[in-house]
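First the structure, in the form of structure tokens, and then the observations on it.
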Amino acid sequence: MTLGAALGAAASTVFDARSPMWVTGGLGTLALLSTGVWLIDGHRIRSLQRWLSGTMQLEPPKIAGPLGEVAYRIEKAVKARERAAEAERQSLEQFLAAIEVSPNGVLLLDDADQVQWFNRTAASHFGLDPSRDHRQRVTNLVRAPAFVAHLHAHDEKGDVVFLSPRGDATLSVLVRPYGKSMRLVLSQDITERERTDAMRRDFVANVSHEIRSPLTVLAGFVETLAELPLTVAEKERVLLLMRQQAHRMQALVSDLLALAQIEGAPRPPSDQWVDVAGLMQHLESDAMALDGSRHRLTFANDGVASIAGSDTELLSACWNLVSNALRYSPDGGHVHVAWSIRADGMSEFCVSDDGPGIAREHIPRLTERFYRVDGSRSRETGGTGLGLAIVKHVVQRHEGELLISSEPGQGSQFRVQLPKYRSRVVDEALAEDIAAAGG
Ligand code: ADP
């Protein structure tokens with residue numbers, strides 16, 4: 001007999017009051033009924049058990065009654081918890097992704113200072129390997145004594161600065177407590193900041209030194225004039241020296257201002273054309289005025305009509321190169337100044353001299369502020385040590401390049417190359433002028 005048929009039979013027997021077998025039949029039927037209920041409940045509990053002990057990915061068993069209600073509530077609670085866990089996982093992923101792209105290094109240590117997690121920047125700062133260095137003690141990986149001491153000192157306020165393990169960066173590192181017993185190591189690459197700080201310090205020291213020397217000389221001469229009875233000739237000599245020192249300071253201040261102006265000015269325009277013939281005339285007359293006829297000077301222009309950019313900046317850069325050639329070449333030398341168009345369409349301004357030349361090791365440093373090969377020669381001739389720094393700046397702002405070639409005893413060549421889109425050749429300029437005039 002199937003369970004359904006037994007239950008059907010039991011029901012008909014219990015409710016058949018006219019039956020003479022009512023009492024005995026009723027007891028038997030009750031026993032049968034409770035066995036049926038027990039069997040059904042057993043079946044329901046087993047399917048609930050199967051569902052609960054499985055992954056619960058499947059739908060809960062379809063059960064009627066209180067057990068069905070229990071299954072429904074369990075399923076609801078589990079789903080709610082799954083949703084919350086998923087939301088937590090997503091926000092953790094987002095958080096880690098954000099830390100991953102941070103320009104600062106983040107490294108998580110457990111209570112035994114073992115590496116739990118680190119982002120890409122920390123890997124690069126500390127030279128860590130994500131596949132090898134997890135769960136390693138951090139002091140076995142980053143051995144810089146300053147870092148190890150800082151970590152052991154549990155200093156939670158200050159930072160520690162040291163050279164990265166690869167030796168290619170200066171790191172500033174903070175260690176902060178995290179959670180119950182973990183610590184966060186936060187690192188920042190301060191190489192560039194250190195470099196600019198050092199440059200600023202050097203610059204201020206250099207400017208102070210450059211100004212202090214002529215000032216000391218001037219102050220000495222003022223004392224001499226005030227305290228010593230000098231002859232007219234002596235006075236004139238002292239005044240001449242004072243004037244020279246004052247000029248030196250003026251030149252320095254005007255070069256400093258020129259540099260500051262160039263650094264603060266907007267990018268030179270690419271649609272304002274500076275007439276090259278006019279520029280060359282300017283250079284020629286200034287060169288003659290400075291030089292007298294100590295050198296043989298030649299000027300040439302092979303087809304460059306105009307350059308797009310700032311006229312004052314271009315004139316200043318060109319003049320610095322021309323005046324250097326005149327100042328550093330001995331009397332009787334030849335200085336040649338020329339504009340030309342290269343095969344690739346770029347324009348080139350070139351100043352060549354047959355002066356003393358420059359040793360190879362100095363060439364890369366010539367454009368540094370206040371760098372001089374021969375300090376006394378530079379000062380004697382009114383140099384400030386800033387001329388080539390100005391040239392380099394102007395050329396970079398015009399997206400060009402400064403090339404220096406020189407051999408000791410063979411003279412020097414300073415070439416400024418400017419991009420094609422800033423260079424207009426004579427024919428182009430002519431054609432555009434005609435078109436503009438409607439011709
Ligand atoms: P300065 O005011 O001293 O001339 P610059 O920046 O113009 O400063 O030049 C830097 C240094 O480069 C000079 O001190 C000089 O030693 C060297 N120099 C520049 N131009 C020439 C040149 N044409 N021939 C030889 N040396 C040069």
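All values reported here derive from a predicted model rather than from experimental measurement. All ligand and atom numbering here is 1-based and tracks the order in the structure.
With ring centers used as reference points, F370 lies 6.0 Å or more from H209.
Listed as neighbours of ligand 1 are N324, A325, R327, Y328, D353, I358, L366, Y371, R372, V373, D374, S378, G383, T384, G385, L386, G387, L388, S412, F414, each bearing a heavy atom under 4.0 Å from the ligand.
Residues V217 and R248 fail the side-chain proximity criterion, which asks for heavy atoms closer than 4.5 Å.
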(message) Assess the residue pair R422 and E348 against the criterion (salt bridge (charged side-chain N to carboxylate O under 4.0 Å, His left out)); give the C-alpha distance rounded to whole Å, side-chain angles, the decisive distance to 0.1 Å, and a yes or no.
(response) CA-CA 11 Å; R422 284 193 181 268; E348 185 175 284; over 6 Å; no
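In this structure, D129 contributes its side chain and D133 its backbone to no donor-acceptor pair below 3.5 Å.
Annotation for R294 and L326: closest pair NH2-O, 4.1 Å, computed over non-hydrogen atoms.
Not counting sequence neighbours, the partners of F147 by the ring-ring contact (aromatic ring centres under 6.0 Å, His included) test are F162.
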